[in-house]
Amino acid sequence: QVQLVDSGGGSVQSGGSLRLSCAASGNTMGSYCMGWFRQVPGKEREGAAATYTIDDRTAYGDSVRGRFTISHDNAKNVLYLQMNSLKPEDTAVYYCAADQREECAYAGLLRGKSYKYWGQGTQVTVSS
């Protein structure tokens, strides 16, 4: 079993930056697919950024590409999402997700159903 704890959310003005963190604990050994998803009430959860942590393969959603950067620290078991040039439409609850199955990278890194473990979410609010 893997536990994920999201943190780093907050309130920022348009154009500002935030860095989200996701700490993993439990049975964390093995190959990991990890990603960040966001959701606004009443709308579907969408993939923002994801990575295969073994070789740093990454994927980004069209709406965040060029502004967000996903990274990880294997030694500390922490996933990061650096968010720059934030826009009001980035306002959402952000969730980190992880999966240890070998096929996770082939199922689609930005597909929510590819992930077994999820964090509790952290709120990001961008004001205009």
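In this text the structure is predicted, and so the values were computed from the model without any measurement. Any value given below was found using the heavy atoms of this structure, including those in side chains, with hydrogens, waters and symmetry copies removed.
Distance CH2/W36 to CE/M83: 8.0 Å, rounded to 0.5 Å. A distance of 7.0 Å separates CZ of R67 from OG of S85, quoted to the nearest 0.5 Å. Rounding to the nearest 0.5 Å gives a distance of 5.5 Å between CG of D73 and OH of Y80.
Between L4 and C96, the closest side-chain pair of non-hydrogen atoms falls below 4.5 Å. Contact of the R38 side chain with the V64 side chain is registered, since non-hydrogen atoms from C-beta on lie closer than 4.5 Å. Contact check for R57 versus T51: no side-chain heavy atoms found under the 4.5 Å cut-off. Using a 4.5 Å cut-off on side-chain heavy atoms (C-beta onward), Q1 and Y117 make contact. Between Y52 and T58 the shortest side-chain heavy-atom distance does not fall below 4.5 Å. Here the side chains of I70 and L79 are in contact, with some heavy-atom distance below 4.5 Å.
Applying the 4.5 Å side-chain rule to ILVMFWY residues, one finds F37, V93, L109, Y115, W118 in the same cluster as Y95.
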For residues 9-23, tabulate all N or O donor-acceptor pairs below 3.5 Å that involve a side-chain atom, not counting sequence neighbours.
residue: S17; atom: OG; partner: N84; partner atom: OD1; Å: 2.9

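Side-chain N/O atoms of N77 and H72 include no donor and acceptor closer than 3.5 Å.
Annotation for E44: atom CD does not count as buried by contact number, only 12 or fewer foreign heavy atoms lying within 6.0 Å.
A salt bridge is defined here as a Lys NZ or Arg NE, NH1 or NH2 lying under 4.0 Å from an Asp or Glu carboxylate O, and K87 with D90 fails to meet this definition.
Residues meeting the side-chain hydrogen bond (donor to acceptor under 3.5 Å, both in side chains) test with Q39, sequence neighbours left out: R45.
Looking at every heavy atom in both residues, Y60 comes nearest to F68 through CE2-O, 3.2 Å. Nearest heavy atom pair, residue T53 against residue N74, reads O-ND2, 3.7 Å. Minimum interatomic distance between Q123 and A92 (heavy atoms only, all atoms of both residues): NE2-O, 3.4 Å.
No donor-acceptor pair closer than 3.5 Å links the side chain of D99 to the backbone N or O of C104.
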